[in-house]
S.K.: 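Take a look at the following structure, please.
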Amino acid sequence: MHPALSVIVFTTLSGFGYGLAASLGLFQPDPSLLAVKFGHVLAFLAIAGGLLSSTLHLGNPQRAWRAFSQWRSSWLSREGVLAVLTFVPLTAQTGLAVLFDTTIGWLGFVVAVMAGLTVYATSMIYASLKTVNAWHNPITNTCYLLFAASGGLLAMAALSAFNGAQSTLIVLAIIALAATFIAKAIWFRALDNESGPSTPESATGLGFLGKVRLLERPHMGENYLTREMGFRVARKHARKLRLISYALGLVLPVLLLLLMGVSGMVFFGVVALLSHLAGVMTERWLFFAEAKHAVSVYYGAESA
Amino acid sequence: MTSLPTQVTGKKLGLVIDLDVCVGCHACAVICKEWNTGGYGAALSDQEPYGEDVTGAWLNRIHTFEVTPGDMIPGYGKKPKGQGMGEVIAQTDEARVVHFPKSCLHCDDAPCVTVCPTGASYKRGEDGIVLVDEDKCIGCGLCAWSCPYGAREMDQDAGVMKKCTLCVDRIYNEDIPEIDRQPACVRTCPANARHFGDLGDPNSDVSKLVEERGGIDLMPEQGTRPVNKYLPPRARQTLPSAEVPSAATIAETTDGAQGFMKWIDTALSKL
């Protein structure tokens, strides 16, 4: 699948933002601290920026409001509706913290639940597609939720360092990061070992006659389908990119968090967060680039 | 709107494509592009039509497949250059070529309809045709991702999703002669490999054809329940080799010559 930059930025930023907003809502750090206020604003901006970015890949973004109408059947529509609904408690939580130095326990809980549901809906846009076997499983949802949670906890831990590092948050963030990358490793393993159910034989119905092989494409050049669904450029670098995403997303942040805990220097926390986000961007790029679409069996693939 | 229709008439308009007859001439794809670029919705745009990297939206594309019956012949133990160990390098028996036109199959369980966030993609209850209301389409492309057949292509110029309409602007069109009230691809096929009709009616010509020839669903494992059916190629008939006279024997025999030719044959033989 074609890894569109706008969609990678959208899922990375909004996932991180929802994770941070949920963490702030559940842990209720003292909003009179400047670092906590900054965290609230950061979560809000990451969510808003991510959602805006998602409209960039649309052919007709001026009609994007119509996407709120089909929540009965469409996960993309549900995601849009949930994102808008989440803005109600989220805006209240952010406003109260920034302007009035206040947090409300139940409001934070509502934000966390709504944020979780929104991230789940985002993941279902992909997990509900039967045509992309790598996505069509519950590990996809688990990964999206865990990435959001670990990014949020990591940011919380980094922000806490402004007022003396909190070892509980650091430990929680490290546990969440480890869980995330265990889930991701399982996801990669399924991708490597399982192929989708479709083959040139099932796609043409000619399997009863023998082995089916594409002899000629319908045309010489590329088309929308081969560009959008048949993306193959750097799949050969997938191994290296996986290692890069593990290194930047997990190993480095864990080491930096430990350093921050020992030294109490905020700098390490901030670098840990930036490194983590770069790792997640790489992971998201692979999420699309490595996934194979069923239609590719009409264009020469053996199975998908 | 983008839920599948609950009020249905049982009518399922669709195509039956005969893979035994299709010669792969691409006439159906060309007439499809021609009709639909001036018909329903936005024109089917091309990008760089006269440049080096020509692309454009087409609603019908013809692939060509090779089918090889018989056993696979694995590669030699020694790894040939550019090949993996044990890779299939050939197969026994004669291969046959099958031309394969592919367009929207107007599925009963159309995933492209239910994923649409705006209600632009819909399936009609009255005849089962799957259409896009281009005024509502935001061009997110999710319907194309959900379709295993690659039946939908985004128009890069209009930014909306294009697909086969089953020529909805022809089949009910009373302004054109009755003989033309069928999809352009069916009307134009010079080999008569394409048939149009109601596949929901077991007594229609197309349903009988599907019954008789064992019509098949594409990718049944995707659970889309396509309406369009494909008729598989008929079994190949091979002539027994003994009955086929060689070119050399035909040239040398004068058996059966009559009249003047027989006289010349006799005269020349005596020389």
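Basis for what follows: all heavy atoms, side chains included, without hydrogens, waters or symmetry-related copies. To find a chain, count down the sequence lines: A is the first, B the second, and so on, and within it residues start at 1.
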S.K.: Can you tell me which portion of B:Ala158 sits under 4.5 Å from chain A's heavy atoms? Options are side chain, backbone, both or neither.
M.R.: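 Contact with chain A involves the backbone of B:Ala158 alone.
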S.K.: Would you mind listing every side-chain hydrogen bond (donor to acceptor under 3.5 Å, both in side chains) that reaches into residues 48-61 of chain A, with sequence neighbours excluded?
M.R.: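 Passing the test, one end in residues 48-61 of chain A: A:Asn60-A:Gln62.
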S.K.: Please look at B:Cys140 and chain A and tell me whether the side chain, the backbone, both or neither of the residue comes under 4.5 angstrom of a heavy atom of that chain.
M.R.: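 It is both, since atoms from each part get that close.
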S.K.: Using modelled atom types and a 3.5 Å cut-off, is there a donor and acceptor pairing between side-chain atoms of A:Arg63 and backbone atoms of B:Asp135?
M.R.: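 Side chain of A:Arg63 to backbone of B:Asp135: a pair is present.
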S.K.: Side chain, backbone, both or neither: which part of A:Arg227 has a heavy atom under 4.5 Å from chain B?
M.R.: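 Only the side chain of A:Arg227 comes within 4.5 Å of chain B.
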S.K.: Looking at B:Pro232, B:Ser146, B:Gly56, which has the largest count of heavy-atom pairs under 4.5 Å with chain A?
M.R.: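 Ranked by contacts with chain A, first place is B:Ser146.
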S.K.: A:Leu225 versus chain B, heavy atoms under 4.5 Å apart: side chain, backbone, both or neither?
M.R.: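 A:Leu225 touches chain B through side-chain heavy atoms alone.
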S.K.: Quick one: of B:Trp145, B:Tyr230, B:Phe100, who has the most non-hydrogen atom pairs under 4.5 Å with chain A?
M.R.: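 That would be B:Trp145.
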S.K.: Taking side chain as everything from C-beta outward and backbone as N, CA, C, O, which of these in B:Pro111 sits under 4.5 Å from a heavy atom of chain A? Side chain, backbone, both or neither.
M.R.: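 Interface part for B:Pro111: neither.
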S.K.: Can you list every pair that meets ring-ring contact (aromatic ring centres under 6.0 Å, His included) and has a residue in residues 202-229 of chain A, with sequence neighbours left out?
M.R.: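 Found none.
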S.K.: Is any side-chain heavy atom of A:Leu209 less than 4.5 Å from a side-chain heavy atom of B:Pro233?
M.R.: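 Counting from C-beta outward, A:Leu209 and B:Pro233 do come under 4.5 Å.
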S.K.: Quick check for you: to the nearest 0.5 Å, what is the distance between A:Leu214 atom CG and B:Thr64 atom OG1?
M.R.: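 It comes to 8.0 Å.
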S.K.: Is any residue of residues 21-31 of chain B within less than 4.5 Å of chain A by heavy atoms, and which ones?
M.R.: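 Within residues 21-31 of chain B, the residues under 4.5 Å from chain A are B:His26.
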S.K.: For each of B:Ala151, B:Pro220, B:Gly223, B:Pro148, tally heavy-atom pairs with chain A at distances under 4.5 Å, and name the one with the top tally.
M.R.: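 Result: the option with the highest number of such pairs is B:Pro148.
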S.K.: Heavy-atom distance under 4.5 Å to chain A: side chain of B:Glu134, backbone, both or neither?
M.R.: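 It is the backbone, since no side chain atom gets that close.
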S.K.: Taking heavy atoms only and a threshold strictly under 4.5 Å, list by residue number the residues of residues 125-135 of chain A that touch chain B; give 'none' if the list is empty.
M.R.: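 Against chain B, the residues of residues 125-135 of chain A that fall inside the cut-off (heavy atoms, under 4.5 Å) are A:Ile125, A:Tyr126, A:Leu129, A:Lys130, A:Thr131, A:Trp135.
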S.K.: For B:Ile216, which atoms come within 4.5 Å of any heavy atom of chain A: side chain, backbone, both, or neither?
M.R.: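 Side chain only.
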S.K.: Heavy-atom distance under 4.5 Å to chain A: side chain of B:Gln47, backbone, both or neither?
M.R.: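 Contact with chain A: none, neither part.
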